[in-house]
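Remarks on the structure that follows.
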Amino acid sequence: MGHQVNPEEILALKPDIVIAWANSSNDVGRVEARFAKLGLPVVFLNVDKLEDYPAAFKYLGELLGRQERANELASYISGAMSRVAAAVGSVPQDQRIKVYYAESPDGLATECDTSFHVEPVILAAGNIVHRCQQTTHMGMEKVSLEQIVGYQPALILSQDRAFAASVADNPNWRNVKAVKDGRIVVVPNKPFNWLDRPPSFMRALGIQWLANMFYPERYPFDLRSETKAFYKLFIGVELSEPDVDAVLN
């Protein structure tokens, strides 16, 4: 999904090993064959879900001789998942907040409730309103505004800042409950998205952010201090207060 490098560029970096995502859209044999021509071994990691990351980090710790750090990262993710599950996992299905996930500039691309793209919302006990089976690995299912009005979501999670800024003034959206109530939230995305595109370890912070937003009484949470702690542990940066402001939109 990013910059496509050619074989010469890869060889110029003199890598010892290639680490690849073992997702359902990857042809493992084809990927292996491509790097075999360069004399490079490939290790595939299963990281489709957040629960896969602790094992993936521990494996990489063994592979790279960084067991202590790998265990730290794995423990954080396991702990975050356990805390969120204990706090919000018992919310009855019919009482879970109804969430519409808007991904495109027009707000009309979303994800099925069964898609791995919305895993963080599900883990935080959100009720994804668009119910269907994902048709492609990429997702981005097209819906109509009439469907969204029918869903009456209580909250819209937006991946597009411009859509989030303009939707409140768009008369076509005025009959959507979340818009009437002013509950449109932009997903933080620095340096990587907290929820999706790409799905990553950032979800360990994202599920806590969501659980607190959805059910603040069940999951009280100091977002600013936890953001600083997370970025220091996983990314190795010390965020200033203005930095936190920028990260949190």
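The backbone N or O of A204 lies less than 3.5 Å from a partner atom in the side chain of Q208, making a donor-acceptor pair. Panel note: side chain Q147, backbone S144; a donor-acceptor pair is recorded below 3.5 Å. In this structure a side-chain-to-backbone donor-acceptor pair under 3.5 Å is missing from D181 to R183. Looking at R66, its side chain never comes within 3.5 Å of a backbone N or O of G61 through a donor-acceptor pair. Within the 3.5 Å criterion, the main-chain N or O of S166 finds no donor-acceptor partner in the side chain of D169. Between the side chain of Y151 and the main chain of K98, no donor-acceptor pair closer than 3.5 Å is present. Under the 3.5 Å distance criterion, the side-chain polar atoms of D113 are matched with a main-chain donor or acceptor of C132. A donor-acceptor pair is defined here as one N or O able to donate and one able to accept, closer than 3.5 Å; no such pair exists between the side chain of D160 and the backbone of S104. Judged by distance alone, the side chain of D243 and the main-chain N or O of S240 form a donor-acceptor pair under 3.5 Å. Not a single donor-acceptor pair under 3.5 Å links the side chain of E119 to the backbone N or O of F116.
Atom NZ of K142 and atom OG1 of T110 lie 10.5 Å apart (nearest 0.5 Å). Here the straight-line distance linking atom NE2 of H130 with atom SG of C112 works out to 5.0 Å at 0.5 Å rounding. Going from atom CG of L63 over to atom CD1 of I17 covers 4.5 Å, rounded to the nearest 0.5 Å. To the nearest 0.5 Å, atoms CD (E111) and CZ (R197) are separated by 5.0 Å. One distance of note links CZ of F57 with CG of N71; it measures 11.5 Å at 0.5 Å rounding. Remark: L155 CG to I97 CD1 distance equals 5.0 Å, nearest 0.5 Å.
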Practice task
Show the numbers, then the answer: is there a salt bridge (Lys or Arg N to Asp or Glu O under 4.0 Å) between D245 and R224?
Solution key: CA-CA 9 Å; D245 291 336; R224 297 184 72 87; 2.9 Å; yes
Exercise for the section: Report the C-alpha distance between V18 and I10 in whole Å, list the side-chain angles of each, state the deciding distance to 0.1 Å, and finish with yes or no for side chain to side chain contact (heavy atoms under 4.5 Å, CB included). Expected result: CA-CA 10 Å; V18 175; I10 296 171; 5.6 Å; no
Problem - Full working for side chain to side chain contact (heavy atoms under 4.5 Å, CB included) between L210 and V99 - result: CA-CA 11 Å; L210 290 179; V99 179; over 6 Å; no
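Between F234 and F201, a ring centre-to-centre spacing shorter than 6.0 Å is recorded.
Hydrophobic clustering of Ile, Leu, Val, Met, Phe, Trp and Tyr side chains at less than 4.5 Å, counting indirect connections, unites V167 with V129. By the criterion of side-chain heavy atoms lying less than 4.5 angstrom apart, applied directly or through intervening Ile, Leu, Val, Met, Phe, Trp or Tyr residues, L50 is grouped together with F214 in one hydrophobic cluster. Criterion: ILVMFWY side-chain heavy atoms under 4.5 Å apart, direct or through other members. Under it, I128 and V149 are not part of a common hydrophobic cluster. With hydrophobic clusters built from ILVMFWY side chains whose heavy atoms lie under 4.5 angstrom apart, V185 does not share a cluster with Y100. M213 and V91 end up in the same hydrophobic cluster when Ile, Leu, Val, Met, Phe, Trp and Tyr side chains are linked at under 4.5 Å.
Between E241 and K228 a salt bridge is recorded (basic side-chain N to carboxylate O distance below 4.0 Å).
Counting heavy atoms from C-beta on, the side chains of L248 and W209 never come closer than 4.5 Å. At least one side-chain heavy atom of Q67 sits under 4.5 Å from a side-chain heavy atom of E62. Counting heavy atoms from C-beta outward, N193 and M202 have side chains that stay 4.5 Å or more apart. For the pair V31 and F44, the minimum side-chain heavy-atom distance is below 4.5 Å. L45 is listed as a side-chain neighbour of L60, based on a closest heavy-atom distance under 4.5 Å. Counting heavy atoms from C-beta outward, Y219 and R83 have side chains that approach closer than 4.5 Å. Residues T227 and V247 are in side-chain contact: their nearest non-hydrogen atoms beyond the backbone lie under 4.5 Å apart. Under the 4.5 Å side-chain criterion, counting only non-hydrogen atoms from C-beta, W173 is in contact with I156.
Around the CD atom of E217, the shell of radius 6.0 Å holds more than 12 heavy atoms that belong to other residues, nucleotides or ligands. More than 12 heavy-atom neighbours from other residues, nucleotides or ligands sit within 6.0 angstrom of NZ on K180. F221 CZ: more than 12 foreign heavy atoms inside a 6.0 Å radius. Other residues, nucleotides and ligands place more than 12 heavy atoms under 6.0 Å from the NZ atom of K190. Within 6.0 Å of CG in D222 there are more than 12 heavy atoms belonging to other residues, nucleotides or ligands.
Between R203 and H117, the closest heavy-atom pair is NH2-O, 3.5 Å. Between K177 and P153, the closest heavy-atom pair is CB-O, 3.5 Å. Nearest heavy atoms, R161 versus V186: CA-CG2, 4.4 Å. Here the shortest heavy-atom pairing between A211 and V88 reads CB-CG1, 4.3 Å. Nearest heavy atom pair, residue V176 against residue Q152, reads CA-NE2, 4.0 Å. The two residues S115 and Q134 come nearest to each other via the heavy atoms OG-OE1, 2.8 Å.
Between the side chains of D196 and Y101, a donor-acceptor pair is found at a separation under 3.5 Å.
Tested against Y76, the residues F230, Y53, Y231 include a single ring-ring contact (aromatic ring centres under 6.0 Å, His included) partner, F230.
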